[in-house]
Number of protein chains: 2
Amino acid sequence: MALRQIFADNLRRARLAAGMSQEELADVAGIDRTYVSALERCRYAASIDVMERLATALQVTPASLLEDVGDVV
Amino acid sequence: MALRQIFADNLRRARLAAGMSQEELADVAGIDRTYVSALERCRYAASIDVMERLATALQVTPASLLEDVGDVV
DNA sequence: CTGTGACTCGTAGTCCGTA
DNA sequence: TTACGGACTACGAGTCACA
């Protein structure tokens with residue numbers, strides 16, 4: 001499993017856990033609304049500083065967004 | 001402290017711990033020697049898939065490269 | 001072995017609108 | 001609320017020569 005996919009999964013999970021919409025998260029993190037959508041859909045390989053902003057906005061550690069939780073499916 | 005800096009530090013530490021030169025790491029990770037140098041010097045905000053390749057080459061988890069170990073200085 | 005400036009090229013990332 | 005497309009710009013990706 002690619003790391004981008006793991007990141008996408010963790011991002012979505014963390015966002016939902018925080019009870020935020022993509023729009024809210026994008027707003028708080030200071031990034032584009034459609035970009036959050038694209039990230040969760042694994043369209044892009046986010047750079048490290050975007051990860052940082054996202055992690056901060058979600059109040060989780062950046063490292064936790066890369067943790068491989070295996071197939072939750 | 002910016003995450004890019006933490007990443008740069010962790011990258012260098014992991015590389016030295018593995019007893020590799022920038023050249024060797026670059027070779028194993030399949031990226032340019034000078035690019036590894038640039039990354040360790042915090043010149044760029046590495047993207048997630050570069051991190052993945054680097055982590056694999058160093059045989060550490062991608063998440064460990066983002067762990068804030070504080071000022072080791 | 002490593003740092004660095006210069007360079008090209010691809011894509012990250014933004015902004016628009018629509019379903 | 002989210003997925004997704006197009007068009008655009010900024011910056012990361014990747015390489016070279018030289019110190």
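Throughout, a chain's letter reflects where its sequence line sits, starting with A, and its residues are numbered from 1.
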Enquirer: Please report the shortest heavy-atom distance between Glu24(B) and Met20(B), naming the atom on each side.
Expert: OE1-CA, 3.2 Å
Enquirer: Please report the distance, rounded to the nearest Å, between CG in Leu11(A) and P in dG13(C).
Expert: 13 Å
Enquirer: Starting at CD1 of Ile31(B), measure out to CG of Leu25(B) and round the result to the nearest 0.5 Å.
Expert: 6.0 Å
Enquirer: From the options dG14(D), dG12(D), dG13(C), select the nucleotide whose nearest atom is closest to the side chain of Arg53(B).
Expert: dG14(D)
Enquirer: Which heavy atom in Ala46(A) sits nearest to a heavy atom in Tyr35(A), and how many Å separate them?
Expert: CA-OH, 4.0 Å
Enquirer: Suppose we screen for side-chain contact (heavy atoms from CB on, under 4.5 Å). Which residues come up paired with Gln5(B), at least two apart in sequence or across chains?
Expert: Met1(B), Ala8(B), Asp9(B), Cys42(B)
Enquirer: The criterion is salt bridge (Lys or Arg N to Asp or Glu O under 4.0 Å); which residues satisfy it with Arg15(A), sequence neighbours excluded?
Expert: Glu40(A)
Enquirer: Could you state the atom-to-atom distance from CZ of Phe7(A) to P of dA12(C) in whole Å?
Expert: 12 Å
Enquirer: What is the distance, to the nearest angstrom, from the CD1 atom on Ile48(A) to the P atom on dC11(D)?
Expert: 17 Å
Enquirer: Less than 4.5 Å apart, any side-chain heavy atom of Arg12(B) and any of Gln22(B)?
Expert: yes
Enquirer: Tyr44(A) side chain: which of dT2(D), dG5(C), dG13(C) is closest?
Expert: dG13(C)
Enquirer: If I take atom CZ in residue Arg4(B) and atom P in nucleotide dC11(D), what distance separates them, rounded to the nearest angstrom?
Expert: 10 Å
Enquirer: Side-chain atoms of residues 50-67 of chain A: list all donor-acceptor pairs with protein atoms under 3.5 Å, sequence neighbours left out, distances to 0.1 Å.
Expert:
unit_1   : atom_1 : unit_2   : atom_2 : d
Glu52(A) : OE2    : Leu3(B)  : N      : 3.1
Arg53(A) : NH1    : Gly30(A) : O      : 3.2
Thr56(A) : OG1    : Glu52(A) : O      : 2.9
Thr61(A) : OG1    : Ser64(A) : N      : 3.1
Thr61(A) : OG1    : Ser64(A) : OG     : 3.4
Ser64(A) : OG     : Thr61(A) : O      : 2.6

Enquirer: Not counting sequence neighbours, which residues clear side-chain contact (heavy atoms from CB on, under 4.5 Å) with Thr34(A)? List them please.
Expert: Asp32(A)
Enquirer: Of all of residues 56-64 of chain A, which get a heavy atom below 4.0 angstrom from DNA chain D, listed by number?
Expert: none
Enquirer: Which of residues 15-37 of chain A sit near DNA chain D, with a heavy atom under 4.0 Å from it?
Expert: Arg15(A), Ser21(A), Gln22(A), Glu23(A), Arg33(A), Thr34(A), Ser37(A)
Enquirer: With nearest nucleotide decided by heavy atoms, which residue, Asp49(B) or Glu40(B), maps closer to the 5′ end of DNA chain C?
Expert: Glu40(B)
Enquirer: Is there a side-chain contact between Arg12(A) and the phosphate of dA3(D), meaning an N or O under 4.0 Å from OP1 or OP2?
Expert: yes
Enquirer: Would you say the side chain of Phe7(A) lies within less than 4.5 Å of the side chain of Leu39(A), judging by non-hydrogen atoms?
Expert: yes
Enquirer: Give one of base, sugar-phosphate or nothing for Ala38(A), where a contact means two heavy atoms less than 4.0 Å apart.
Expert: nothing
Enquirer: Once you round it to whole Å, what is the distance between P of dA12(C) and CZ of Arg43(A)?
Expert: 9 Å
